[in-house]
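Read the structure below first, then the notes.
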Amino acid sequence: MQRSTLDLWVGIFVMAGIGALLVLAMKVGNMTGSGSGETYALSANFDNIGGLKPRAPVKSAGVVVGRVSGISFDNEKFNARVTMNIEKTYKFPKDTSASILTSGLLGEQYVGLEGGGDTVNLNTGDKIKQTQSAVVLEKLIGQFLYSKAAEGGDKK
Amino acid sequence: MAIHKGFSIRGIGARTIDSVLRLGYATRFIARTIMSSGTSLRRPRLVIRELYFTGVLSLIIILVSGLFVGMVLGYQGYYTLQTYGSESALGVLVALSLVRELGPVMAALLFASRAGSAMTAEIGLMKATEQLSAMEMMAVDPISRVVAPRFWAGVISMPLLAAMFSAMGVFGGYLVGVVQIGVDEGSFWSQMQSAVDFQKDIMNGVIKSIVFGFAVTWISLFEGYDAPPTAEGVSGATTRTVVTSSLAILALDFLLTAFMFGGV
Amino acid sequence: MPDKNIIEIKDVSYAYGTRPILTGINMSIPRGSTVAIMGISGSGKTTLLRLIAGVMKAKQGEVWVDGKRVNDLDTVGIYQLRRRLGMMFQFGALFTDLSVFDNVAFQMREHTDLSEAMIRDLVLMKLHAVGLRGAHNLMPAELSGGMSRRVALARAIALDPMLMLYDEPFTGLDPIAMGVISNLIKELNSALGATSIVVTHDVQEALEVVDYVYYLSDGKMVAHGTPDDIRNSTDPLVRQFVYGEFDGPVAYQYPGRTLVDDMRLNG
């Protein structure tokens, strides 16, 4: 009698623990996000990556297709080299373009991929040729003020 | 004349040698425990019984504390994030702090004071009342019959308790953030899901809690096994279990965090 | 060889570090007898018991139990030997988390493949022998001192040992409980056909029960003989112990400076 109630409680305890882990995995984390599943590596050079961080998402048409695996400085071209792991299930043509985008005005930065029309797909280790750098807010404001000032000069 | 263990040079030296000796003995003890785990494998009932005492009896304190910690995080996080106009990141804040740090650490601290101290007291009393010697005289090794099942129960229940703590905490944060304050439910969950990584965050938290479970159970069992067989001896050992475990948890947490997240 | 003596102790010495506990002990205990090892606290009698049970090993000399030299046994050998020993501890040492029934059943479950039905019958028989069959559902915390001693006895005889060791079986018991225990020691010895060794400082009780007495003082064997020999001994150490004289060879005063010095009477 007493033994079976003890078993029951331990059973409930273990199930609740595993349940909590599952909740964390499914509801809190995105188990499909990365790490799980096989990936292939791509790289791209950007003139300016802004605030991009390793592990930032790589999205295409809003769908997360991979993650940034590393960021380094290219000593020959004097720009930033971003490597990313893309899930094997997603294919991109050779003439895909990559740009660094921001989700919302102050949100995190991510790499956006836009597929082209080439028939050959990108493979492991390939480089994305067409890139567009991050929009740097200070530069934007600077440009804006510049043009305003220019307008003002015209009026005089 | 006995060496007075004060702040004299000799006292410090004696203490240092003492602690090195104890560490060596403790290491031999845990090695013997792991080597004697055969009985626990052959008779899982022994471990199940201890799971009840270490795990099930710690459930209430873990769940309630988890809920409260999560609700506090909900409030504090909201007021901090609100200043930057990014309350939608509340879910991220609550979930990441719980899964990476607070879940494993707080659950381990609670586990040390609830289950760890009980283990020390129990084993210390068994030693003081000669129950361990009696067992040895009956040709049953107390390490494999008494210590090893408790050790595995501790190592198994710690990650489960930490996961429950984190899940409860996220729920607490949700109650305060979404239900009470009115943060948008969709962005609460979706931002959380895009920021919390299973491998990096959740699995690292689980690894942390397994390490903490190992450390706390080791300390508790050793303190009990090594306690002087008197009433004062056992009560002193129980206090030492809580103090040493807490320090060990925090120190290990620092090391593990530096190791796991230091590169990023 | 199936020798007549179950225990032979030859010139055994033991020391904790440099402090000698036992020196030059010789004993032989014949099968079927009940023997007392007596002495004041700290005389080394518990150490002697531990040497017999293989908890510690003699630094010098030989300990033979049932034809095996305990000095040579490894852990496995000692555990094998211990399956045939029964030991009753000072305060019973019952497992506090197990019921009376489970305490007595402990060794049967650990060491035998008996079915639960068989174990149940055996346990109730053992408990019946100590008069506590009706108490098998109680927890140790619910027992009186005398009762837990009896349960401990039932647990010790669970596997019908050939040698019973009693460590201070009378300490802290009321006279009735003491009588019950000493009676049980005597009865069980003949019922089991075992040999019993009683380590005690309760002189009068022990002298009633045993066939032979060894008297230890300061780690040395100072006297041995039948209970009558001990009662009539002229050795001052034994006399002081048996008749509980407060001063004698074992001094009343803790050693220190003389009274004259302490009181500064000689200026």
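Below, read A as the first sequence line, B as the second, and so on, with proteins coming before strands; counting in each chain starts at 1. It should be emphasised that the depicted structure is a prediction, and the values quoted were computed from it without experimental measurement.
Heavy atoms from other residues, nucleotides or ligands lying under 6.0 Å from CD1 of B:I60 number 12 at most. Residue B:F171 qualifies as open at atom CZ: its count of foreign heavy atoms under 6.0 Å is 12 or below.
Of the two parts of B:L51, the backbone and the side chain both hold a non-hydrogen atom closer than 4.5 Å to a non-hydrogen atom of chain A. For chain A, no part of B:V92 is nearby; none of its heavy atoms comes within less than 4.5 Å. Contacts between B:V56 and chain A at a heavy-atom distance below 4.5 Å involve backbone atoms as well as side-chain atoms. Looking at A:I18, the atoms closer than 4.5 Å to chain B (heavy atoms on both sides) sit in the backbone and in the side chain alike.
Taken from OG1 in A:T5 to OH in B:Y52, the straight-line distance is 7.0 Å, to the nearest 0.5 Å. Within the model, atoms CE of B:M203 and CG of A:L24 stand 11.0 Å from one another, a figure rounded to the nearest 0.5 Å.
Annotation: side chain of A:L21 is not in contact with side chain of B:M164 (no heavy-atom distance under 4.5 Å). Contact annotation: the side chain of B:F198 never approaches that of A:M26 to less than 4.5 Å [non-hydrogen atoms, C-beta and beyond].
The two residues A:G17 and B:A163 come nearest to each other via the heavy atoms O-CB, 4.0 Å. The two residues B:R49 and A:L6 have their closest heavy-atom pair at CA-CD2, 3.8 Å. The two atoms that bring B:G55 and A:F13 nearest to each other are CA-CZ, 3.5 Å, heavy atoms only. Residues B:L160 and A:V14 come closest through the heavy atom pair CD1-CA, 4.1 Å.
Ranked by heavy-atom pairs under 4.5 Å with chain A, the first of B:P159, B:A89, B:A167 is B:A167.
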